[in-house]
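See structure below.
Both counts, for ligands and for their atoms, begin at 1 and track the order of listing. Heads up: numbering here begins at 1 and tracks the sequence.
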Amino acid sequence: MNIVVQKFGGTSVRNLECQRQVMQKVLRPYREGNKVIVVLSAMAGETNRLLALADEWSDNPDPAERDSLVSTGEQVSCALFAMLLKQQGVKARSVLGFQAPVCTNNAFGSARITDIDSEKLQKMLNEYDVLVVAGFQGCDAEQRITTLGRGGSDTSAVAMAAALDADVCEIYTDVPGVFTTDPNMCTEARKIDRIAYDEMLEMASMGAKVLQIRSVEFAQKYNVTVHVRSTFSDEPGTIVTQEDETMESVLVSGIAYDKDQARITLVHVKDTPGVSAAIFSPLAEQNILVDMIVQNPSKDGKTDMTFTVPRADVDQTIKTLEKLQYEIGYEELHSNINVSKVSIIGVGMRNHSGVASKAFQSLADENINILMISTSEIKVTCLIDDKYTELAVRTLHNAFQLENGDTTETP
Ligand code: ASP
Ligand code: MG
C-alpha cells in the first residue's frame, strides 16, 4: 500500500472553513488510491490558551498534568476533522498519541520520540483509509501523556513518515514555503525550491520558524524528504532533502537573523587552564545556550572573553558570573543587549572561498560595524548593533543576488 503523510498547522485547521480546504488536500491522494496519514496541530492559539490556563491555576504547574492539558488541543482538531471525513463517506478515524502509539521519553514539555509502532499503524491502515493523527503528543513508558515541545507536530509528522517508510512528508502551512530570508524584512525574499537539511537546520535555528528544528534533524537522520507548502494554494513549496550537486553550486541559499541576542564580555580573565570551563560550565548547567565565543590573545597572563547568550537569559548569566567573580578571576563584566546576529547560509560555501569577505565588504559599504564573527562550514555569522538588522539582511540578500535565485557566480 502506498502511504502519503500530510501535516497541517494551526492556522490551517483553525475553523470549519479552513478544515474544509484541508479536506480537499487530503481527498486528493485518497482518491488516487493512497492511504493517508493526516497529522494535525491544535487550532491556532489553542496551545497558548491552554498553557495560560495552567499558569492561572498553578504557580508551578505539574509538568505531566500540563502535558495532559495542552495535548487536548490536538485531540479536538483531530476528532472534528475525522467527523468531516466520515461525512464524506471516507473510512477515517482519529488516532491519539497513546493509541498509535508514539512512544517517548518522559521529558514532559519537550519529550523525544523513542519508537512508533508501525505494525499497529499498518493494521489500522488496513481497516481505515485515512488516519487523523494528533501531532505534538506521545506517551511515556508509564502511559503518561507527553508533548514534544512547541511546533512539535512537525516532528510527529516526520516520525510517522519515517516509521511507515513514506516517500515524502508534506508539511502544509500558511506560507508558500521556506524563503531566502524573512519576507517581512526584505520584500525581495524569494521562495526556495530545494534546500539541504543542513541549510534548513541553520535557517531554523536562526529563527526561520517554518519547521521545528527537531523535525529537520529527524528527517535528516531517517532520510525523509519534507515538502513545506501552503494549504491555501496548489503551488509547489520547498523541498527539504539531502544535499546534491545543484545545491552546492549555489553559494548562499539564505540569510537568517536573530534579534534575541546579548553579548557579555569578561575583562582581564586569568589565562590559565580551566578558566573557560569555570565560565561556561555553570552556564551550561542552567541550560543557557552560549553561542559565539571569542577569546583574545593574552597580555601579561590576562585575556578578555566575549560571548553571546539569548537575550532572555542575560540576567541569569550575569547573576551567575558575578557570584563566581573570585573563582574565575575577571576584573569587569560588560553586557550589551542591543545586538543581533545576521548569518549567510549555504552548502556551496564548503567549496568556494571569498563568500565571507564579500559579506564583510557589503556590510562595510553600508557602514555597518561587525562586533563579532563566527563561521562554520556552511555559515558565516556577524554580530551587529541590532538597529541595523534589517539593513544588514537586505544588504546581504542583495549582495548575493538572492532575489534572482542565481548566486552561482564566484565572488
Ligand atoms: N500545537 C502545538 C504548538 O502550538 C504543536 C504544533 O502546532 O506543532 O506548539
Ligand atoms: Mg509550526
* Whether Gly73 lies under 4.0 Å from ligand 1, heavy atom ->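 No.
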* Glu74 to ligand 1, any heavy atom closer than 4.0 Å ->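 Contact present.
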* Asked: Counting N and O atoms only, with roles assigned by atom type, does the side chain of Arg263 sit under 3.5 Å from a partner on the main chain of Thr306, one being a donor and the other an acceptor?
  ->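 It does not hold such a pair.
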* Of the listed options Ser71, Gly10, Ser41, closest to atom 7 (O) of ligand 1 (non-hydrogen atoms) ->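 Going through Ser71, Gly10, Ser41 one by one, Ser41 has the nearest heavy atom to atom 7 (O) of ligand 1.
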* Asked: When you measure from atom 4 (O) of ligand 1 to every protein heavy atom, which one gives the shortest distance, and what is it?
  ->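 Answer for atom 4 (O) of ligand 1: Arg150 NH2, 2.9 Å.
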* **Shortest protein heavy-atom distance from atom 6 (C) of ligand 1, along with the residue and atom involved** =>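 Scanning the protein heavy atoms, the shortest distance from atom 6 (C) of ligand 1 goes to Ser153 OG, 3.3 Å.
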* Asked: Do Phe280 and Phe307 make the cut of ring centroids closer than 6.0 angstrom?
  ->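 Yes, the ring of Phe280 comes within the 6.0 Å limit of the ring of Phe307, centre to centre.
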* Would you call Arg350-Glu243 a salt bridge at under 4.0 Å N-O? ->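 A salt bridge is present here (some side-chain N lies under 4.0 Å from a carboxylate O).
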* Below 4.0 angstrom from a heavy atom of Gly151, which ligand 1 atoms are there? Numbered from 1 as shown, please. =>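 Ligand 1 atoms under the 4.0 Å threshold to Gly151: 3 (C), 5 (C), 6 (C), 8 (O), 9 (O).
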* **Test side-chain hydrogen bond (donor to acceptor under 3.5 Å, both in side chains) applied to Asp386 and Lys341, Arg311, Gln261, the passing residue** =>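 By the side-chain hydrogen bond (donor to acceptor under 3.5 Å, both in side chains) criterion, Asp386 pairs with just one of Lys341, Arg311, Gln261: Arg311.
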* Any chance the side chains of Gln137 and Asp67 put a donor and an acceptor closer than 3.5 Å? ->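 No, Asp67 and Gln137 have no side-chain donor paired with an acceptor closer than 3.5 Å.
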